[in-house]
Protein chains: 2
Amino acid sequence: MAAISNPVPKVPALADPPAVRYAGIASPAPVISIRDPKTHCMTCSMRERCLPAGLAVDELKQVDALIAHGIKLKKQEPLYRAGEVFHALYAIRSGSLKTSVLAEDGREQMVGYHMLGEIVGFDGIGIELHGCEAIALEDTEVCALPFASIENLARIMPALQHNLHQVLSNEIIRDQGAMLFLGRMRADERLAVFLLNLAERYRRRGYSSTEYVLRVTREEIGSYLGLKLETVSRLFSRFQGEGLIQVQGRAVKLLDAVALKRIVGQRR
Amino acid sequence: MAAISNPVPKVPALADPPAVRYAGIASPAPVISIRDPKTHCMTCSMRERCLPAGLAVDELKQVDALIAHGIKLKKQEPLYRAGEVFHALYAIRSGSLKTSVLAEDGREQMVGYHMLGEIVGFDGIGIELHGCEAIALEDTEVCALPFASIENLARIMPALQHNLHQVLSNEIIRDQGAMLFLGRMRADERLAVFLLNLAERYRRRGYSSTEYVLRVTREEIGSYLGLKLETVSRLFSRFQGEGLIQVQGRAVKLLDAVALKRIVGQRR
DNA sequence: CGACTAGTTGAGGCCAGTCAATGTTGGTGG
DNA sequence: CCACCAACATTGACTGGCCTCAACTAGTCG
């Protein structure tokens, strides 16, 4: 079967899926009250990547009014945990989060590595409980978008409605891209896809696409890629030895993105 | 890390995600005209599992009016292909479909095994192009739900709106469940999860949960589970030898579902 | 400075992949 | 009705990629 000529990106999705939801901070009672009066959508640098993208000013104000802005999470702090009641989507203003699903036996599969401008919490809409957990990878600031209110506003704001649908759909595409590399790719391909995907997402946010700092441990990368931490570590060393990247702990520099792309889909 | 006490199902999701979309039958020009005047939502056996679930009679009629019902697909016929323009979601009235993503090098990862009452086509909303392809696994009948019209109706029918969001969210949960077994489970666990999941879905539709006929080849099962067809075949034989199941080609009988569940999460 | 976490590297084993031969099934046409 | 064929499935022998176990290093924080 030859390469299908379609606009599917070279390297599987993995990409940019925002997911927003209500602010649980830690656990039981959702904390809505933590509102920083100074933070608003109008002044948010991620405004055009977020759910209210493209709204008129008066519409934006209405959305803004029901959002709990400036919810702060410390590194390692959960935004929500599996089984918690779903109230809201969460938009990441700054920092980053991981989302993971857990098997009963304790095995953890990281299903998302989310950075600023993305939205988390979409699992949960259907069954009104979160199916996975979201943990801050560094000090992180999110905005809670109470979902019932979003649904109400979406009925009178077609643009908001359509943005919501897009964001949900993009999350599905992203997950399917992850299934592709988990199911069909070798370890080196998975890591190459991961590194290239991060580069692209940083680029779109105006950061360097060749140099960035990972917010995750080798073990977490392994959890995301379906590999063991030793395998991830060995691959970093191998890629460095081959002159593809330069690694110093969590600082990564892509030296030869073209060669990295060639790894993906190569019979070896 | 111990078992998390939450309402997450024992065996990872994989489950019931409908996805609906516009009728492309084969390829270029979408065929809306194939409407069977005798088929309507009102008389559809999947009415309560579908997007219009819970709508009032007059609302249902409005939804019904814009749906292209009774689109027939022959076995192996594509409903849509990767790269095609997105117009609609598709509800499966009868039969079954697989959805797959394709890597440029031709590798295929099946990302969904959809049966009647489910909706396909959610990838596509975001970028307005289908990211994966949907192929009929047997002679299959679907209804096309033009997405723009659905969005319009959703703004005046909160129940429809919420159903749509649920269905999208459930698809995300399902995909994350698939990531869990692709990333973290051994081959035998994956197949056990797959068989149990199918049983549960048939049960919910009123069919036998212990006896069913697979609509997919060993190779397709492998594509879904991230395994090779030989491995799938060997596992069927092993499970049969251990008295867990009885297999005859594609006909499967679950003899010991409890033992099958025990396989999942067992250190071996 | 000691305890801890994160990361690197090596040796060896095992699970699933690969290659290959054989068996089974279902559809088609004589 | 049955012979034929192609697609699907089974099974075996062997290989290899990733995991496991383990030792060691580097950095961090009290």
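Side-chain atoms are counted along with the backbone in the values below, which use heavy atoms only and exclude waters and symmetry mates. Every chain is numbered from 1, with letters handed out A, B, ... down the list of sequences. Model, not experiment: these values are computed from the prediction.
In this structure, the CG atom of A/Leu235 is 13 Å from the C1' atom of C/dT9, given to the nearest Å. Atom CD in B/Glu189 sits about 14 Å away from atom C1' in C/dA16, given to the nearest Å. Taking atom CZ of B/Arg238 as the reference point, atom P of D/dT10 lies 15 Å away to the nearest angstrom. The separation between A/Arg184 atom CZ and D/dG17 atom P is 17 Å, rounded to whole Å. To the nearest angstrom, C1' of D/dC18 lies 15 Å from CG of A/Leu182. Counting to the nearest Å, the C1' atom of D/dT10 and the CD1 atom of B/Ile221 are 14 Å from each other. Protein atom CG of B/Leu191 is 11 Å distant from nucleotide atom P of D/dT10, rounded to whole Å. A straight line from CE of B/Met185 to P of C/dC15 spans 17 Å, rounded to a whole angstrom.
Under 4.0 angstrom from either OP1 or OP2 of C/dA16 there lies no side-chain N or O belonging to B/Arg234. Considering only side-chain N and O atoms, A/Gln240 lies nowhere under 4.0 angstrom from the phosphate OP1 or OP2 of C/dT8. OP1 and OP2 of C/dC14 both lie 4.0 Å or more from every side-chain N or O belonging to B/Arg186. For B/Ser237 and D/dT10, the shortest distance from a side-chain N or O to OP1 or OP2 is not below 4.0 Å.
Counting any heavy atom pair closer than 4.0 Å across all strands shown, B/Leu227 reaches sugar-phosphate atoms only and no base atom. No contact: B/Gly222 has no heavy atom under 4.0 Å from any strand. Within 4.0 Å (heavy atoms only), B/Ser233 reaches at least one base atom of the nucleic acid.
Within a 6.0 Å sphere centred on CD of A/Gln240, heavy atoms belonging to other residues, nucleotides or ligands number more than 12.
Under the 4.5 Å side-chain criterion, counting only non-hydrogen atoms from C-beta, B/Thr99 is not in contact with B/Glu133. Residues B/Val142 and B/Lys72 are not in side-chain contact: their nearest non-hydrogen atoms beyond the backbone lie 4.5 Å or more apart. Contact annotation: the side chain of B/Leu137 never approaches that of B/Leu97 to less than 4.5 Å [non-hydrogen atoms, C-beta and beyond].
Nearest nucleotide to the B/Ala187 side chain, out of D/dT20, C/dA16, C/dT18: C/dA16. Comparing atom distances between the B/Thr231 side chain and each of C/dG7, C/dG17, D/dA9 picks out C/dG17 as nearest. Comparing atom distances between the A/Thr217 side chain and each of D/dA22, D/dT10, C/dA6 picks out C/dA6 as nearest.
Both A/Arg218 and B/Gln248 lie near DNA chain C, and the one whose nearest nucleotide falls closer to the 5' end is A/Arg218. Along DNA chain D, the nucleotide closest to A/Lys228 and the one closest to B/Leu229 are compared, and the more 5′ of them pairs with B/Leu229.
Taking a cutoff of 4.0 Å between a charged side-chain nitrogen and a carboxylate oxygen, A/Glu138 and A/Lys75 do not qualify as a salt bridge. Using a cut-off of 4.0 Å between Lys/Arg side-chain N and Asp/Glu carboxylate O, B/Glu77 and B/Lys74 are scored as not salt-bridged.
For D/dC21, the base has a donor-acceptor partner in the side chain of A/Glu230 [N/O atoms by modelled type, under 3.5 angstrom].
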